[in-house]
Novice: 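So that we are looking at the same thing, I have put the structure below in structure tokens.
For the single chain, residues carry numbers from 1 onward in sequence order. Below, each value reflects all heavy atoms present in this structure, side chains not excepted, and no hydrogens, waters or symmetry copies. Please read these numbers as outputs of a predicted model, since none were measured by experiment.
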Amino acid sequence: MDVALVVGIEILNAVASLMLISIGLAIIFGMMRIINLAHGEFLMLGGYAAITATKAGVNIWIAMLVVAPLVVGVIGIVVERCVVRFLYGRMVDTMLATWGLSLLLVGLVTTIFGNTTAGISSPLGSMVIGAYTVSLYTIFIVFVAAAVAFGLWLLLKKTRFGLIARGTMQNANMAAGLGLSPPKVYMVTFGIGAALAGLAGGVLAPITGVVPTIGVAYVAKAFITVIGGGASILTGTISASALFGSVNQLATFATTPVIGEVALLLAAIVLIRLLPQGITDRFFRRSL
């Protein structure tokens, strides 16, 4: 029983972590059809923002939950205004531009912080379950992921901005004809996606540490999850995260972390082979 409870907690943690890593990309790719290859670097910047703020004396919770998303959200808005807004509808050009941006960010961060792992201590302790010890911070990550999912659902489903954003992404010309400003909607939406990436980077920093090249590990999992989830932004991300996170963690427990990563990739290949348009093309079609 103790083992089952510990495994269940770790699976929830894996699912929540994968959902946090992917949700910002789901906003940018799922709504805007922008392939942002710098998504991993946005997470990396969130981690560094949280670490730098904490070392500067800011409360660790504020650093992770406020400073990190704000800093990366502002960076995302600047990127959208200076680069991405000129490339809408040109997918290949966007890929090349964001890939170049990712290389630039890695170089800048390496120059400033060096090529060593930085980190901050987990702000929570641990609890004992039978003969096992589980970090309370893993449970905190689960609650953060649930809060992000619920908050995003409220934003997109229950607010005027959510209605405007979804309508603009479906038909920008119609939105403009109604007196709205599609460029401003694009800017804010891209900024929200970047801020969510920064939040994920800040929250995960205490358990993963941060190095300038860590974005490479993040971006592959994020794209696999978003593509596996399909067209529905929130439901697709959650369902794909649940599937891939569970497979990854169960395989890790049974074998090694490396085999767990391989199992995740194999699960993604099988899923895309069976459901080329993602989970929500077959299930949850009318969901957000």
Side-chain angles (χ1 to χ4, degrees), residues 3-31 33 35-37 39-40 43 134 138-153 156-157 193 196-197 199-201 203-204 207-208 214-288:
V3 174
L5 183 56
V6 171
V7 171
I9 292 173
E10 292 299 329
I11 288 175
L12 285 176
N13 176 55
V15 171
S17 298
L18 195 55
M19 183 258 179
L20 285 174
I21 289 170
S22 307
I23 193 65
L25 183 65
I27 294 290
I28 293 173
F29 177 68
M31 291 184 67
R33 294 302 168 192
I35 299 180
N36 178 23
L37 294 182
H39 176 73
L43 281 113
V134 176
T138 61
I139 299 175
F140 168 73
I141 291 175
V142 174
F143 279 106
V144 171
V148 167
F150 182 66
L152 191 59
W153 179 82
L156 295 178
K157 195 77 172 179
L196 289 173
L199 174 65
V203 169
L204 295 176
I207 60 174
T208 63
I214 198 172
V216 175
Y218 284 141
V219 73
K221 288 184 178 181
F223 269 106
I224 287 173
T225 304
V226 171
I227 293 172
S232 298
I233 299 166
L234 189 56
T235 307
T237 303
I238 293 173
S239 57
S241 298
L243 174 62
F244 297 148
S246 299
V247 169
N248 184 10
Q249 203 61 41
L250 288 172
T252 297
F253 269 104
T255 55
T256 65
V258 174
I259 300 299
E261 297 294 329
V262 174
L264 186 154
L265 179 60
L266 291 176
I269 293 172
V270 172
L271 175 64
I272 294 173
R273 178 67 181 87
L274 297 176
L275 302 173
Q277 302 302 317
I279 295 173
T280 53
D281 182 62
R282 180 73 60 86
F283 310 100
F284 316 113
R285 288 187 176 182
R286 295 184 179 182
S287 58
L288 179 61

Novice: Can you check whether Asn248 reaches Leu18 side chain to side chain, under 4.5 Å on heavy atoms?
Specialist: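 Counting from C-beta outward, Asn248 and Leu18 never come under 4.5 Å.
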Novice: Taking side chain as C-beta onward, heavy atoms only, is Ile224 less than 4.5 Å from Leu264?
Specialist: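 Yes, close enough: below the 4.5 Å cut-off.
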Novice: To check you understand the geometry: which heavy-atom pair defines the closest contact between Ala145 and Ala16, and what is its length?
Specialist: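 Nearest heavy atoms, Ala145 then Ala16: CB-CB, 3.6 Å.
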Novice: Any heavy-atom pair between the side chains of Leu25 and Leu196 that's under 4.5 Å?
Specialist: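 Of all side-chain heavy-atom pairs linking Leu25 with Leu196, none is under 4.5 Å.
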Novice: Using side-chain heavy atoms (C-beta onward) and a distance below 4.5 Å, is Ile141 in contact with Ile207?
Specialist: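 Contact flag for Ile141/Ile207 side chains = yes.
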Novice: Under the 3.5 angstrom rule, does the side chain of His39 hit a backbone N or O of Tyr218 as a donor-acceptor pair?
Specialist: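 No; zero donor-acceptor contacts below 3.5 Å.
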Novice: Would you check if the side chain of Ser22 reaches a backbone N or O of Thr225 as a donor-acceptor pair within less than 3.5 Å?
Specialist: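 Such a contact is absent between Ser22 side chain and Thr225 backbone.
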Novice: Going by the rule ring pair (Phe, Tyr, Trp, His ring centres under 6.0 Å), which residues pair with Phe223 if we only count those two or more places apart in sequence or in a different chain?
Specialist: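 Per chain and number, Phe223 pairs via ring pair (Phe, Tyr, Trp, His ring centres under 6.0 Å) with no residue.
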Novice: I'd like to check Lys157 versus Leu234 (side-chain heavy atoms, cut-off strictly below 4.5 Å). Are they in contact?
Specialist: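 In short, these two side chains do not touch, never coming nearer than 4.5 Å.
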Novice: Is the closest side-chain heavy-atom distance between Ile9 and Asn13 below 4.5 Å?
Specialist: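 Not touching, per the 4.5 Å side-chain cut-off.
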Novice: How long is the straight-line distance from OG of Ser241 back to CD1 of Ile23, given to the nearest 0.5 Å?
Specialist: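 Separation between the atoms: 7.5 Å.
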Novice: For residues Val7 and Leu250, determine if any side-chain heavy atom of one lies less than 4.5 Å from a side-chain heavy atom of the other.
Specialist: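 Sidechains of Leu250 and Val7: in contact.
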Novice: Atom OG1 of Thr138 and atom CD of Glu10: how far apart are they, to the nearest 0.5 Å?
Specialist: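 Taking OG1 in Thr138 and CD in Glu10, the distance rounds to 5.5 Å.
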Novice: Enter the distance from Ile227:CD1 to Ile279:CD1 here, rounded to the nearest 0.5 Å.
Specialist: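 Ile227 atom CD1 to Ile279 atom CD1 measures 12.5 Å (nearest 0.5 Å).
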